[in-house]
Asker: 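Can you keep this structure in mind? I'll have questions shortly.
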Amino acid sequence: MLKNDLILRAARGEKTERTPVWLMRQAGRILPEYRAVRNSLSGFKELVETPELAAEVTIQPVDILGVDAAIIFSDILVIPEAMGLTYEMVEKKGPHFPKTVESKSDIDSLKVADPDDLSYVYEAIKITKKELDGRVPIIGFAGAPWTIFSYMIEGGGSKTFSKARRFLYTDPAMANQLLEMITSSTIGYLKKQVEAGANMLQIFDSWAGVLPPEHYTQFSLKYIAKICDAITDVPITVFAKGAWWALPEMANINCRTVGLDWNMNPHESRKVLPNKTLQGNLDPCALYGSNESIKEETRNMLEAFGDQPHIANLGHGVYPDTDPQKVKYFVDTVKELSAH
Ligand code: CP3
């Protein structure tokens, strides 16, 4: 069925004829074709909630950049919304929650998401699957419970995440109650993505790096492990940005692949994760360099991962002002240098 299943084979730990490559945030503002679709609409949410258009922008990077996987166009914030906390996407600023979680009664007014409330995402996956016709696998995704929790408490991005972190000291029981609800919501949601056709899944723990290690184990990794235990039919990638200290613990989680950010060392990571596929980890800023410099950096990265199972990617999402030509050059360079 799939004409290119390199990424799935690499995720399963098999040797592949070359290293598969995709980019976090590949479906988005770097492409003028994305901006054209986006500008014809009322806003980001309309795009997320219109399956035909979400499918269209999901496929754009496959056509234009030649990546080895499509990641479904959506956002991690659809989960808090389905739990009863709506978000707005503020132009040029980012997400904003008009109402945040401050007390026990706020938590009690939320629900575990009914997975059917997110049927527009499954519909988008089905359309994408049909239109891709087996060209590349589809990656489904969700935010890690800790990252979603942070948004629900903070109401948006933050420099310190001190409100979310404060909660863990002042009322750990309440924090666990909310984290449990997010975890259950996420499990139902990811299962439906797989049913709709997602071939693999990624869990984004974007704000992992703000926690002290003991809190990370207790309030984040524990819930990620629960999600990985609940989903057994497709390979899962866990990307915990900034949580380098947690890599040894990830060896014990039922995920196939661990994503590395650009601060993490592939050699050291390999030592503590001998049985996982590693994903990453070029600095997104490397794509501001010349083609010669991109080639050099990409070669260094591929060498650092060696001939162990590897999925090439950046160490975080591609920055919006990156030249799509440079992204394409990176993709082509991975394909060229890793072929054997
Ligand atoms: O290409 C893809 O990766 C698929 C689509 C995708 C989006 N968001 C679309 C999007 C994915 C996987 C996400 C995940 C996401 N969303 C994360 C985790 C990944 C990470 O980067 O750490 C986080 C933290 C969010 C929350 C979020 N959504 C923020 C902070 C922002 C604003 C800032 C920014 O990075 O753009 C968004 C908006 C958003 N999500 C855009 C896109 C394409 C830009 C909105 C626009 O079109 O104007």
Side-chain angles (χ1 to χ4, degrees), residues 41-51 54 72-91 93-125 140-158 161-168 170-196 198 201-208 210-211 218-220 222-224 226-227 230-231:
L41 302 170
S42 62
F44 176 77
K45 283 180 92 171
E46 189 182 351
L47 180 48
V48 167
E49 290 164 15
T50 310
I72 192 66
F73 186 83
S74 183
D75 202 88
I76 61 170
L77 302 176
V78 300
I79 279 290
E81 181 143 288
M83 292 173 68
L85 212 62
T86 55
Y87 73 96
E88 297 162 354
M89 197 57 81
V90 185
E91 216 56 52
K93 280 189 77 182
H96 171 69
F97 286 81
K99 217 187 144 301
T100 57
V101 171
E102 289 175 12
S103 63
K104 170 112 178 98
S105 69
D106 289 340
I107 296 179
D108 290 338
S109 73
L110 299 170
K111 56 170 183 162
V112 170
D114 175 350
D116 291 332
D117 287 346
L118 295 166
S119 53
Y120 56 84
V121 179
Y122 321 132
E123 203 47 48
I125 293 175
F141 71 90
W146 160 251
T147 288
I148 298 299
F149 173 96
S150 302
Y151 276 109
M152 294 173 85
I153 307 285
E154 299 276 348
S158 160
F161 288 89
S162 53
K163 276 192 195 147
R165 289 194 290 123
R166 176 166 69 186
F167 226 86
L168 306 183
T170 57
D171 207 332
M174 215 154 87
N176 278 314
Q177 185 191 346
L178 182 54
L179 286 161
E180 281 289 356
M181 288 172 73
I182 300 168
T183 302
S184 303
S185 304
T186 304
I187 290 172
Y189 174 52
L190 288 175
K191 282 189 169 169
K192 287 271 189 175
Q193 291 189 39
V194 174
E195 243 173 66
L201 298 171
Q202 177 156 325
I203 298 172
F204 287 92
D205 206 354
S206 304
W207 311 130
V210 302
L211 289 178
Q218 198 185 337
F219 293 105
S220 186
K222 175 176 147 195
Y223 295 102
I224 292 175
K226 268 196 179 189
I227 296 171
I231 292 161

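Along the sequence shown, residues are numbered consecutively beginning with 1. No hydrogens, no waters, no symmetry mates; every other heavy atom, side chains included, goes into these values.
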Asker: Take Asp114 and Lys192, measure what salt bridge (Lys or Arg N to Asp or Glu O under 4.0 Å) needs, and give me the verdict at the end.
Answerer: CA-CA 11 Å; Asp114 175 350; Lys192 287 271 189 175; over 6 Å; no
Asker: Might you point out which heavy atoms bring Gly94 and Met89 nearest each other, and give the distance in Å?
Answerer: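 Nearest pair, atom of Gly94 first, then Met89: C-SD, 3.6 Å.
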Asker: Taking all atoms of both residues into account, what is the closest heavy-atom pair of Pro145 and Ile224, and its distance?
Answerer: CD-CG1, 4.4 Å
Asker: Could you grab the distance from atom CG of Leu41 to atom CG of Leu47, nearest 0.5 Å is fine?
Answerer: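 The distance works out to 6.0 Å.
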Asker: Return yes if some donor-acceptor pair links the side-chain N/O of Ser184 with the main-chain N/O of Met181 below 3.5 Å, else return no.
Answerer: no
Asker: As an exercise, state the distance from NZ of Lys222 to OG1 of Thr183, rounded to the nearest 0.5 Å.
Answerer: 9.0 Å
Asker: For the CG atom of Asp108 and the CE atom of Met174, what is their distance to the nearest 0.5 Å?
Answerer: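 Rounded to the nearest 0.5 Å, the CG-CE separation comes out at 9.0 Å.
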Asker: Donor-acceptor pair, distance only, cut-off 3.5 Å: does the side chain of Thr50 make one with the backbone of Glu46?
Answerer: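 Pair found, side chain donor or acceptor close to backbone of Glu46.
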Asker: Counting N and O atoms only, with roles assigned by atom type, does the side chain of Thr147 sit under 3.5 Å from a partner on the main chain of Trp207, one being a donor and the other an acceptor?
Answerer: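 Yes.
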Asker: Pro80 and Ile148: which non-hydrogen atoms are nearest, and at how many Å?
Answerer: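 In this case the closest contact between Pro80 and Ile148 is CD-CG2, 3.6 Å.
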Asker: Verify, without hydrogens or angle tests, whether Gln177 (side chain) and Ala173 (backbone) share a donor-acceptor contact under 3.5 angstrom.
Answerer: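 Checked: no pair found.
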Asker: Less than 4.5 Å apart, side chain to side chain, heavy atoms only: is that true for Thr100 and Leu85?
Answerer: no
Asker: From Tyr122 OH over to Lys191 NZ, what is the distance, rounded to the nearest 0.5 angstrom?
Answerer: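 Result: 12.0 Å between the selected atoms.
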Asker: For Lys45 and Glu81, run salt bridge (Lys or Arg N to Asp or Glu O under 4.0 Å): C-alpha distance rounded to whole Å, both residues' side-chain angles, the deciding distance at 0.1 Å, then the answer.
Answerer: CA-CA 11 Å; Lys45 283 180 92 171; Glu81 181 143 288; 2.7 Å; yes
Asker: I'd like to know if the side chain of Asp75 and the backbone of Val78 have a donor-acceptor N/O pair within less than 3.5 Å.
Answerer: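 No, because the side chain of Asp75 does not come within donor-acceptor range (under 3.5 Å) of the backbone of Val78.
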Asker: Please find out if less than 6.0 Å separates the ring center of Phe167 from that of Phe161.
Answerer: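 Aromatic pair excluded; centres sit 6.0 Å or further apart.
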Asker: Counting only N and O atoms by type, is there a donor-acceptor contact under 3.5 Å from the side chain of Gln193 to the main-chain atoms of Phe141?
Answerer: yes
Asker: Would the distance check show the side chain of Glu154 and the main-chain N or O of Lys163 forming a donor-acceptor pair, the cut-off being under 3.5 Å?
Answerer: yes
Asker: Mind listing the closest non-hydrogen atom pair of Ile125 and Ala196 along with its distance?
Answerer: CG2-O, 3.6 Å
Asker: Minimum heavy-atom separation for Trp146 and Ser220, please, with both atom names.
Answerer: CB-OG, 3.5 Å
Asker: Using the side-chain contact (heavy atoms from CB on, under 4.5 Å) criterion, which residues pair with Ala208? Sequence neighbours excluded.
Answerer: Asp205, Tyr216, Ala240, Ala243
Asker: In terms of ring plane angle, is the pair Phe44 and Phe73 parallel, tilted or perpendicular, where the classes change at 30° and 60°?
Answerer: perpendicular
Asker: Between atom CG of Leu190 and atom CG of Leu201, what is the distance when rounded to the nearest 0.5 Å?
Answerer: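 Here the interatomic distance stands at 5.0 Å.
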Asker: Centre of Tyr87's six-membered ring, under 6.0 Å away, within 45 degrees of the axis: is that where NZ or CZ of Lys99 sits?
Answerer: no
Asker: Rounded to the nearest 0.5 Å, what separation is found between the OH atom of Tyr151 and the NE2 atom of His96?
Answerer: 13.0 Å
Asker: Taking all atoms of both residues into account, what is the closest heavy-atom pair of Tyr223 and Phe219, and its distance?
Answerer: CD1-O, 3.5 Å
